[in-house]
Amino acid sequence: MASREINIWRSIDWMTVILYTVLVFAGWVSIYAASYDFDNASIFDFAERSGKQLLWIGLSFGIAFVLLMLEARMYEALAFFIYILLMLLLVATIFLAPDIKGSRSWLVFGPVSLQPAEFAKFATSLALARLINSYNFVLVKPVNFIRTCLIILLPMGLILMQKETGSALVYASLIFMLYREGMSGFVLFGGLCAIIYFVVGVKYSDVWWGMTSVGEISVLVIILLVIVGMLLVNYRDWIVARNAALIPAGAAILCYLLSLFGVVFNWAWVFTAVVAAVCLYLAVVYLQTRTRVLLVIVGFALASVAFLFSANYVFTQILEPHQQVRIKVAFGMEEDLRGAGYNVNQSKIAIGSGGMWGKGFLNGTQTKLKYVPEQDTDFIFCTIGEEEGFWGTSLVVLLFVTFIFRLIYVAERQRTVFGRVYGYCVASIFFFHLAINIGMVIGLCPVIGIPLPFFSYGGSSLWGFTILLFILLRIDAGRLEKY
């Protein structure tokens with residue numbers, strides 16, 4: 001036993017542990033700066049948030065130690081059990097959690113509150129790693145891909161039922177792991193296109209050209225351009241691509257000539273019909289050549305059109321009014337500086353006022369006067385920007401980027417598919433949190449309530465990230481063990 005423990009301590013990736021420790025203590029100091037009270041200036045006061053965070057940090061180190069002492073093989077053996085247990089906890093949370101700011105995601109145990117959604121991340125990652133590590137598992141098989149997606153979609157759905165949209169969207173980051181494990185690049189490209197369709201469609205939805213929304217016309221034109229581009233890149237037939245481009249061009253000229261005689265068109269329906277005509281043409285070409293890529297392009301085009309009209313319905317009919325306003329503010333459609341745009345506007349003022357070198361530690365006026373709501377949780381990055389300036393924020397981002405690249409390195413050196421998949425899940429989740437949180441604080445993304453790892457105040461967040469990370473470090477250390 002003693003020999004095995006010595007091997008563990010020798011095999012641990014200490015570079016990652018050091019980065020983790022630096023980030024955690026930098027986050028603790030930032031929380032102190034964000035919640036600093038002139039009447040009580042002690043960073044160790046357990047009545048203040050900095051003191052409470054120090055307690056969470058101490059407990060996190062204890063959790064990390066326990067995780068490192070457990071058998072590495074145990075995580076794979078209990079992966080599905082842990083996943084089912086956390087899913088049941090998410091279900092219970094829907095019914096047992098009190099309503100806090102419109103969401104039911106916190107279980108209250110006396111003075112302690114826990115958010116199960118933070119712990120479901122490592123459980124989902126373990127279950128995915130266990131499934132993909134199954135004997136003769138091939139991700140591109142439809143049945144296997146569906147099983148994988150169900151493992152991801154289940155916690156997403158349960159967390160959405162708790163009205164925690166931000167926490168649910170984190171699981172979308174696992175698409176990067178799926179791509180690493182063999183998922184077609186078309187799926188990743190499709191996700192990128194979906195984001196572009198949604199942004200363009202919503203941003204210009206209130207701009208009208210006659211009786212047609214400019215947002216819908218723009219997206220349909222993009223879809224046609226994507227079809228032609230895919231024909232050139234994937235099918236590599238100039239004649240077919242040219243003919244596909246001539247169909248919308250000819251339709252546009254014909255409709256323009258008819259409009260000179262007073263004929264009025266709904267251009268959204270015209271371009272939808274043009275997309276259908278292009279798909280029909282490609283189907284005819286497929287019957288002649290039997291080239292499978294043409295079917296993929298046709299399916300992609302039809303799915304794009306379906307997404308366009310369904311996204312509009314989801315935005316107007318399913319999203320809550322406050323969620324619609326947040327998205328419109330992020331897209332520059334509305335300002336609402338006293339409402340949904342207040343947080344982001346104050347955050348940008350705080351970061352901008354920091355300049356290159358910042359105002360100095362504990363000297364941030366926006367921070368000290370509490371102009372930015374949630375400044376020690378979701379918006380803590382603006383405290384760093386105001387007090388430490390551009391160099392401070394750059395250093396924090398550099399530390400995180402180094403940390404994420406280290407996780408990818410650790411994932412790639414695993415000897416088992418289980419370890420590699422889990423490693424990429426961990427790296428994907430940290431990357432998503434970093435990108436969305438910083439994007440949210442500087443106004444590039446809608447405000448959806450995603451914490452900055454190790455910096456945002458909260459025990460559940462810190463413990464969840466610690467468990468997620470140190471399970472990976474234990475699996476990594478176990479790759480060199482001899483049993």
Side-chain angles (χ1 to χ4, degrees), residues 24 27-28 30-31 34-35 46-60 62-63 82-125 152-173 319-320 322-323 326 340 343 370 372-381 429-430 432-433 436-437 440-441 446-469:
V24 165
W28 175 50
S30 299
I31 290 170
S35 58
F46 289 102
E48 300 296 323
R49 287 203 160 184
S50 58
K52 293 177 182 177
Q53 187 71 8
L54 183 60
L55 177 61
W56 307 140
I57 291 172
L59 293 172
S60 294
I63 292 172
I82 295 172
Y83 177 78
I84 293 172
L85 186 65
L86 263 296
M87 294 307 103
L88 292 175
L89 189 59
L90 288 178
V91 173
T93 303
I94 298 172
F95 301 100
L96 300 179
D99 191 318
I100 301 176
K101 296 182 180 181
S103 68
R104 295 181 176 273
S105 59
W106 293 86
L107 293 177
V108 180
F109 304 96
V112 179
S113 298
L114 293 176
Q115 190 176 24
E118 294 293 337
F119 304 101
K121 297 170 189 174
F122 82 85
T124 304
S125 300
I152 298 173
L153 292 174
L154 178 58
M156 286 184 71
L158 294 175
I159 295 170
L160 283 173
M161 293 174 68
Q162 299 171 11
K163 298 186 177 179
E164 275 289 336
T165 307
S167 297
L169 288 177
V170 171
Y171 292 86
S173 66
L319 290 182
E320 298 290 338
H322 71 277
Q323 294 173 324
R326 287 179 178 179
N343 289 26
K370 313 296 182 185
V372 185
E374 312 295 340
Q375 62 187 11
D376 54 3
T377 53
D378 297 340
F379 281 82
I380 196 166
F381 191 75
I429 290 171
F430 275 108
F432 189 88
H433 270 273
I436 298 301
N437 180 271
M440 179 181 73
V441 170
V447 178
I448 54 176
I450 288 182
L452 184 62
F454 311 131
F455 276 76
S456 296
Y457 170 80
S460 294
S461 172
L462 180 59
W463 291 352
F465 287 125
T466 298
I467 294 171
L468 187 70
L469 174 62

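The side-chain contact (heavy atoms from CB on, under 4.5 Å) test applied to M87 returns Y83, L90, A120, T124, L154, P155, L158, not counting sequence neighbours. A search for side-chain hydrogen bond (donor to acceptor under 3.5 Å, both in side chains) contacts involving W463 returns S60, not counting sequence neighbours. Remark: T466 pairs with Y20 by the side-chain hydrogen bond (donor to acceptor under 3.5 Å, both in side chains) rule, at least two apart or across chains. Here F430 pairs with F403, F454, F465 under the ring-ring contact (aromatic ring centres under 6.0 Å, His included) rule; sequence neighbours left out. Annotation: ring-ring contact (aromatic ring centres under 6.0 Å, His included) contacts of F379 (sequence neighbours excluded): none. N437 meets the side-chain contact (heavy atoms from CB on, under 4.5 Å) test with F381, M440, V441, L452; sequence neighbours excluded. With sequence neighbours left out, the side-chain hydrogen bond (donor to acceptor under 3.5 Å, both in side chains) criterion links D378 to no other residue. Annotation: salt bridge (charged side-chain N to carboxylate O under 4.0 Å, His left out) contacts of R49 (sequence neighbours excluded): D376. Here S460 pairs with W106, L114, Q115, E118, F119 under the side-chain contact (heavy atoms from CB on, under 4.5 Å) rule; sequence neighbours left out. L160 meets the side-chain contact (heavy atoms from CB on, under 4.5 Å) test with T165, A168; sequence neighbours excluded. In this structure S35 satisfies the side-chain hydrogen bond (donor to acceptor under 3.5 Å, both in side chains) test with no other residue, sequence neighbours excluded.
The shortest distance between side-chain heavy atoms of F122 and I429 does not fall below 4.5 Å. In this structure, F95 and R104 have side chains that are not in contact, with every pair of non-hydrogen atoms separated by 4.5 Å or more.
With Q375 contributing its side chain and A34 its backbone, the two residues share a donor-acceptor pair below 3.5 Å. Using a distance-only test at 3.5 Å, with no hydrogens or angles considered, a donor-acceptor pair links the side chain of H433 to the main chain of P451.
For the atom pair CG of L89 and CD1 of I84, the computed distance is 14.0 Å after rounding to the nearest 0.5 Å. Rounding to the nearest 0.5 Å gives a distance of 10.5 Å between CD of E164 and CD1 of I448. Summarising the geometry, atom CD1 belonging to I82 is positioned 8.0 Å from atom CG belonging to L85; distances are rounded to the nearest 0.5 Å. Note that the OG atom of S30 and the OH atom of Y457 stand 15.0 Å from one another [nearest 0.5 Å]. One finds the CD1 atom of I63 at 12.5 Å from the CG atom of L469 (value rounded to the nearest 0.5 Å). Of the inter-residue distances, the one linking L55 atom CG with S50 atom OG reads 12.0 Å to the nearest 0.5 angstrom.
The heavy-atom pair separating V108 from S113 by the smallest distance is CG2-OG, 3.8 Å. In terms of heavy-atom proximity, S125 sits nearest to K121 at OG-O, 2.8 Å. Smallest separation of non-hydrogen atoms from S105 and P116: O-CD, 3.4 Å.
Counting only residues at least two apart or on different chains, no salt bridge (charged side-chain N to carboxylate O under 4.0 Å, His left out) pair has a member in residues 448-459.
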